[in-house]
Every structure is written in C-alpha cells, then in structure tokens.
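Down below is the structure, laid out as structure tokens.
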Amino acid sequence: MKFLIVFVALFALALAAPTADEGAQIVRSDSDVGPESFNYAYETSNGISAQEQGQLKNIGTEEEAISVQGSYRFVADDGVTYEVTYIADENGFQPQGAHLPVAPEA
C-alpha cells in the first residue's frame, strides 16, 4: 500500500512539473489570407517555428483543390532541432525531414 501511495504521489508531481513550453512567447506572427490563397509564419521563444502557403488550383472546376507547401521546426526533449518540410495537395500529405524514414523504392 505504501508503494502505491508513493507511486501516486510521484506521478502527480511529474504531471505538475512545468514543461519547457510553458511561458513560451510568440516572437513573430505574420499572415495574409485572400480568397484564393493564404500564407502564414510564426516563431516562438522556445524555438518552435512554422510557415505555410497555399492556393486554390483549378478554380471553378470539379477538380478544384488546395495546394499547400510549408515547414515547421521544433526542439525536442532530446535537445535536437527537428525540421519537416511538406507538400499537401491532391496527392496527399508528403513530409520530408532528415529524421523521417524513407520508404524503399518499389
């Protein structure tokens, strides 16, 4: 029973511990939204940043779709900065990053 009480107390303490993201401030935020396109970018004080732009393709047709390009980066718990660039369009979400696995060629 003592073990359970100690375990629950330590678990509650771990949940209450502050994380590196608490208190992060937005240091830059830009956006521009139009009827057929958009873009945004932001950066926070804890090393997180992202940017994205998108536009409608084939406007007014049955094949109308949005095409998006962007990237984001963050510092993980292991202290390494990870960055992902991506395209999202009619072919799906296509991320790329040095840390992401690559499928073998068929």
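Starting from 1, each residue takes its place in the sequence as its number.
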Problem - Reported CG-to-OG distance for the pair D32 and S37, which is rounded to 0.5 angstrom - result: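 One gets 6.5 Å once the value is rounded to the nearest 0.5 Å.
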
Handout entry: For the student: nearest non-hydrogen atoms of I26 and S29, plus distance
Key =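 Shortest heavy-atom contact: CG2-CB, 4.0 Å.
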
Handout entry: Shortest non-hydrogen contact from S45 toward G23
Key =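 Looking at all heavy atoms of both residues, the closest pair is OG-O, 4.5 Å.
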
Handout entry: Any residue meeting side chain to side chain contact (heavy atoms under 4.5 Å, CB included) with Q51, in chain and number order, not counting sequence neighbours
Key =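 In terms of side chain to side chain contact (heavy atoms under 4.5 Å, CB included), with neighbours along the sequence ignored, Q51 is linked to A41, Q53, S71.
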
Problem - CA sep, side-chain torsions, deciding dist, call: Q25, T44, side-chain contact (heavy atoms from CB on, under 4.5 Å) - result: CA-CA 5 Å; Q25 302 294 314; T44 63; over 6 Å; no

Practice task
State, yes or no, whether a side-chain contact exists between N39 and S31 at a heavy-atom distance under 4.5 Å.
Solution key: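 Side chain of N39 against side chain of S31, heavy atoms only: no contact under 4.5 Å found.
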
Practice task
Check whether any side-chain heavy atom of V68 sits under 4.5 Å from a side-chain heavy atom of F38, and report yes or no.
Solution key: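 Answer yes - side chains close enough.
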
Problem - Hphob cluster co-occupancy, F93 + I66, side-chain heavy atoms under 4.5 angstrom - result: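 Yes, same cluster.
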
Practice task
Give a yes or no on this: more than 12 heavy atoms of other residues, nucleotides or ligands lie within 6.0 Å of atom CG of D30.
Solution key: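 Count over threshold, so yes.
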
Practice task
For atom CG of L100, decide whether the heavy atoms of other residues, nucleotides or ligands shown that lie under 6.0 angstrom number more than 12.
Solution key: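 More than 12 within 6.0 Å, yes.
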
Handout entry: Side chain T61, main chain N58, donor-acceptor under 3.5 Å
Key =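 Yes: the side chain of T61 pairs with the backbone of N58.
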
Handout entry: salt bridge (Lys or Arg N to Asp or Glu O under 4.0 Å) against E43, all qualifying residues, sequence neighbours excluded
Key =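 Scan of E43 (salt bridge (Lys or Arg N to Asp or Glu O under 4.0 Å), adjacent residues dropped) gives R28.
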
Handout entry: From E90, E64, E63, residue fulfilling salt bridge (Lys or Arg N to Asp or Glu O under 4.0 Å) relative to K57
Key =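 The single option meeting the salt bridge (Lys or Arg N to Asp or Glu O under 4.0 Å) with K57 is E90.
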
Practice task
Just do the side-chain contact (heavy atoms from CB on, under 4.5 Å) check on Y42 and I48 with the steps written out, would you?
Solution key: CA-CA 8 Å; Y42 67 84; I48 296 172; 4.2 Å; yes

Donor-acceptor pairs are to be reported for all side-chain atoms of residues 82-89 against protein atoms at under 3.5 Å, with residues two or more places apart or in another chain.
from: Y82; atom 1: OH; to: D78; atom 2: OD2; distance (Å): 2.8
from: Y86; atom 1: OH; to: E52; atom 2: OE1; distance (Å): 2.3
from: D89; atom 1: OD1; to: N91; atom 2: N; distance (Å): 2.8
from: D89; atom 1: OD1; to: Q94; atom 2: NE2; distance (Å): 3.1

